[in-house]
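Here the structure is a predicted model, which means the values were calculated and not measured. First the proteins, then the strands, lettered A, B, ... as listed; each starts at 1.
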There are 2 protein chains.
Amino acid sequence: MSTDKNVINISNIRIACKDCSLFQLCLPIGVGEADLELLDRIIKHRRPFRRGEHLFRIGDPFQAIYAVRAGSLKTYAMTEDGHEQVIGFHLPGELVGLDAINGECHPCAAKALETTSVCEIPFDRLEELADHMPTLQRQLLRILSKEILQDHNLLMLLGKKSADERLAAFLVSLSARFKRRGFSSREFYLSMSRNDIGNYLGLAVETVSRLFTRFQEEGLVTVQRKHILLRDIDELSLRAGVSGPMASSKSVNGV
Amino acid sequence: MSTDKNVINISNIRIACKDCSLFQLCLPIGVGEADLELLDRIIKHRRPFRRGEHLFRIGDPFQAIYAVRAGSLKTYAMTEDGHEQVIGFHLPGELVGLDAINGECHPCAAKALETTSVCEIPFDRLEELADHMPTLQRQLLRILSKEILQDHNLLMLLGKKSADERLAAFLVSLSARFKRRGFSSREFYLSMSRNDIGNYLGLAVETVSRLFTRFQEEGLVTVQRKHILLRDIDELSLRAGVSGPMASSKSVNGV
DNA sequence: CGAATCCTTGAACACCTTCAACAGGGGTGG
DNA sequence: CCACCCCTGTTGAAGGTGTTCAAGGATTCG
């Protein structure tokens, strides 16, 4: 009932990068079709991962980065005492594995949250390609830089914001990302568990649950298990930013 | 008493990268001297920044990345409500401004914590250079990747750790970084204020202060204002990792 | 020396966590 | 198809950790 190769072969259908609806999200190098052609040639399409399967685990040798094509996944690291720390959630068009470029092994694991298909981009091939393609080179740097920027935003979230603000920011962020991908920004499914959300936001599961309930009571959202409807995105955005007792004067060293 | 050009010109002395004690820390491209020579040619040495001066501010146009040569600085962003969020502290041999590569402007500011001299590396020149130097290209990617990795570690710290663990981790991290640079790993000066530390670690100033006191009472450190002596690095490392009530079972979804 | 800033210490409070119990799916096997 | 179980998610009450508010000391610099 679950032999690997036979069940779903649809995924092996070759989809060229230039035909991919996400091509401007993952590695939008110069508009040149020739470049895309070359890039396309090194990309491997693998069968979809089922919920719970790993793309790679912590310590796996680093060989490729991955672009999510459909579905979603989470990346997580381990604390010294063996507990998970969710680093991020990845939607279609986003790259995974960038934190491994520096080393030999993956410092974090990537696990499918639902049935998920990805493009595998062997990194040595990508580097070779980039050697002769300055635009790709520069694009890569920009992508990594963007990742750093996103991490900094998350740092601000974890460092300063209250529980409400964190969940609001999380929902607003997801909303914006879905929108960019052509999905609804008001209505979507959370593929991750409450546990994962809490872990990611630095909150207890119970807190997340209570917040969802409260947000619903306040008319901000409608939650039905994993189904989310944002009823007041503006108010959510507001909450994600200001308010709360944490918004005090810290390190205001002035000009 | 503070005209710019006249007071300290020592800093304008040309120090070639190959003679710099930090060259293996900041951009250690292939061992080739020729490469270093080329790199060296595009680097600008500017007069040292005094405590409180900015290398760049939020929103400044992005033109260069910087390598700290001596001294130290902090980078910080602004939350929506106008408060500072310290992103990181930067010691000699570390690069600053990498999160701006993706955009036109600096998303965070960099401010000297003490008298600090840096190498300014114009980014367009660096990219041009990299176009014809694959090793430099790859090195850049690795450096950015490493930055991402460090941010992920910080995320784990802010997401999961108690106040004790945070401060312990902070001290141990500083210790290791000083060691790499040839300074003492047991004894050093904190160039940043308690305020900055608290801000960085997501704690109130008062908490940081209390923790320093407690660590001292427990014989882990000796603190005298900004002067730090680590008396028991092993125990500190231990605290940085495990212990505390936060070390509970979260998101243990198993294999 | 005085002002300003940074650091420290104390006490009360608030937020979130922890512990505990229960409800609601979703799957399996009878 | 229903019963059962397991897991995820929810809700309640108590407790703790860190914050906030407040005041006093230390240090720096004009």
Nearest-nucleotide pick for A:R210, side chain only, options being D:dT11, C:dT8, C:dA11: D:dT11

Length of the CD-P vector between B:E165 and D:dG18, whole Å: 9 Å

Side-chain (B:R166) to main-chain (B:L158) donor-acceptor, under 3.5 angstrom: yes

Per A:A163 side chain, nearest of listed nucleotides C:dC16, C:dT8, D:dG18: C:dC16

Exercise: do B:E187 and B:H227 side chains pair donor with acceptor under 3.5 Å: yes

Whole-Å distance separating the CD atom of A:E206 from the P atom of D:dG15: 17 Å

Atom pair distance, as rounded to whole Å: CZ in B:R166 and P in D:dG18: 8 Å

Rounded interatomic separation in angstrom, taking NZ from A:K160 and C1' from D:dG18: 14 Å

B:T213 vs C:dT9: side-chain N/O to OP1/OP2 distance below 4.0 Å: yes

Passing candidate, salt bridge (Lys or Arg N to Asp or Glu O under 4.0 Å) with B:E53, options B:K111, B:R47, B:R46: B:R47

Below 4.0 Å: OP1/OP2 of C:dG25 and any side-chain N or O of A:K226: no

Among D:dT11, D:dG18, C:dC6, the one nearest A:S209 by side-chain distance: D:dT11

A:T207 vs C:dT17: side-chain N/O to OP1/OP2 distance below 4.0 Å: yes

Could you go over nucleotides 24-28 of chain D and give all protein N or O partners under 3.5 Å, atom names and distances?
none

Integer-rounded Å distance: C:dT17 P and A:L201 CG: 10 Å

Trace of the salt bridge (Lys or Arg N to Asp or Glu O under 4.0 Å) decision for B:D99 with A:K146: CA-CA 7 Å; B:D99 54 354; A:K146 201 168 156 193; over 6 Å; no

A:L167 CG - D:dT10 P separation (whole Å): 11 Å

Integer-rounded Å distance: C:dT5 C1' and B:N195 CG: 11 Å

Under-4.0 Å salt bridge between A:E94 and A:R177: yes

Side-chain H-bond candidate by donor/acceptor type, B:S72 with B:E114, under 3.5 Å: yes

Whole-Å distance separating the CD atom of A:E217 from the P atom of D:dT10: 12 Å

Residue B:S193, side-chain heavy atoms: nucleotide from D:dT19, C:dC7, C:dT18 that is nearest: C:dC7

Other residues, nucleotides, ligands: >12 heavy atoms within 6.0 Å of B:K179 NZ: no

